[in-house]
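These notes are about the structure you will find just below.
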Amino acid sequence: AFDANVGLMDAAPPANLGSAPWSSQMVSCLSMASPLTADGTPQLIDVTLLRDSLQCEFIQSLLDSDKSMTKDYVALVGDLDGDTFGPAIHLQAVRSAYSRQSLTQLRTGAHWLEITTATWAAGSTPPHDQRLCRRCPQQEVDDVKHMLWGCTALEEQRAAHSTLFMQPCDSIQEFFEQEPSVLASFARACRQECQRLRVG
């Protein structure tokens with residue numbers, strides 16, 4: 001059966017691996033590292049090489065994605081490669097689950113701001129430039145950049161976490177490189193205030 005699956009995969013690789021039978025997916029993944037057979041004999045698999053190959057494929061899929069949230073995530077985390085790719089520091093450094101979740105949501109784009117929540121509504125999704133902040137009168141797109149520096153409704157939250165704003169940051173990526181526990185506390189405070197204002 002193994003030889004048959006390898007043969008099928010070699011003869012007709014699927015156009016879309018995600019919708020291929022599991023056996024084709026398995027053969028495709030395993031063959032990234034090294035040939036699975038030689039002269040009809042199954043070969044040992046280099047697990048380290050396989051892991052590195054899969055990681056490279058995953059990183060490349062992120063870099064090549066045309067999905068807006070994925071593109072925002074790639075822009076936020078900066079350079080992605082095998083040496084730098086790994087769990088974010090705050091996942092271990094922040095003890096509060098709610099604070100950790102709040103910061104993770106901001107970093108991944110799965111957050112409570114209008115740029116994301118506008119896509120949840122029934123009907124057609126408004127264009128990016130029409131997903132404006134409802135908390136303040138600035139008439140700016142309600143995205144992470146606006147939440148960090150522009151939204152006047154969150155001035156108290158910025159003041160309470162003033163150490164994050166003492167040094168100018170050239171990008172959102174640079175902002176999120178600061179002390180994880182303070183970032184998570186700020187994200188939590190902003191999330192709570194945004195939810196309070198939305199309910200109100």
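Taking every heavy atom of both residues into account, Leu148 and Phe175 meet most closely at CD2-CE2, 3.5 Å. Looking at every heavy atom in both residues, Val74 comes nearest to Leu62 through CG2-O, 3.7 Å. Looking at every heavy atom in both residues, Thr125 comes nearest to Ala118 through CG2-O, 4.1 Å. Residues Cys136 and Ala153 come closest through the heavy atom pair CB-N, 4.1 Å. When every heavy atom of Ser99 is checked against every heavy atom of Val94, the shortest pair comes out as CB-CG1, 4.0 Å.
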Test Arg51 against Thr48 for side-chain contact (heavy atoms from CB on, under 4.5 Å), laying out the working first. CA-CA 5 Å; Arg51 183 196 62 216; Thr48 301; 3.6 Å; yes
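Atom CG of Leu183 and atom OG of Ser181 lie 8.0 Å apart (nearest 0.5 Å). Rounded to the nearest 0.5 Å, atoms CG (Leu132) and CD (Gln130) are 7.5 Å apart. One finds the CG atom of Leu164 at 5.0 Å from the CD atom of Gln178 (value rounded to the nearest 0.5 Å). Put simply, SG on Cys133 and CD on Gln139 are 9.0 Å apart, with the number rounded to the nearest 0.5 Å. Here OG of Ser185 is found 10.5 Å from CG of Leu103. Values are rounded to the nearest 0.5 Å.
Applying the ring-ring contact (aromatic ring centres under 6.0 Å, His included) rule to pairs touching residues 123-144 yields nothing, sequence neighbours excluded. Screening residues 140-152 for side-chain hydrogen bond (donor to acceptor under 3.5 Å, both in side chains), with sequence neighbours left out, gives Arg135-Asp142, Glu140-His146. Screening residues 174-194 for salt bridge (Lys or Arg N to Asp or Glu O under 4.0 Å), with sequence neighbours left out, gives Glu193-Arg196. Evaluation of the salt bridge (Lys or Arg N to Asp or Glu O under 4.0 Å) test over residues 94-121, restricted to residues two or more places apart or in two chains, returns Glu114-Arg134, Glu114-Arg198.
Taking 4.5 Å as the limit, some side-chain heavy atom of Leu154 sits within range of a side-chain heavy atom of Cys194. Side-chain contact check for Pro87 versus Gln92: every heavy-atom pair is 4.5 Å or farther apart. Counting only heavy atoms from C-beta outward, the side chains of Met147 and Trp112 approach each other to under 4.5 Å. Residues Val144 and Phe176 meet the side-chain proximity criterion, which asks for heavy atoms closer than 4.5 Å.
Remark: Ile89 CD1 is loosely packed, at most 12 non-hydrogen atoms of other residues, nucleotides or ligands lying under 6.0 Å away.
Taking the six-membered ring wherever Trp is involved, the centroid distance between the rings of Phe186 and Phe165 falls below 6.0 Å.
Tyr98 pairs by the ring-ring contact (aromatic ring centres under 6.0 Å, His included) definition with nothing, not counting sequence neighbours. Listed by chain and number, the residues in a side chain to side chain donor-acceptor pair (under 3.5 Å) with Gln60 are Asp64 (sequence neighbours excluded).
With hydrogens and angles ignored, the 3.5 Å screen pairs a side-chain donor or acceptor of Thr119 with a backbone N or O of Thr116. Remark: side-chain polar atoms of Gln138 are not paired, donor with acceptor, to backbone N or O of Cys151 under 3.5 angstrom.
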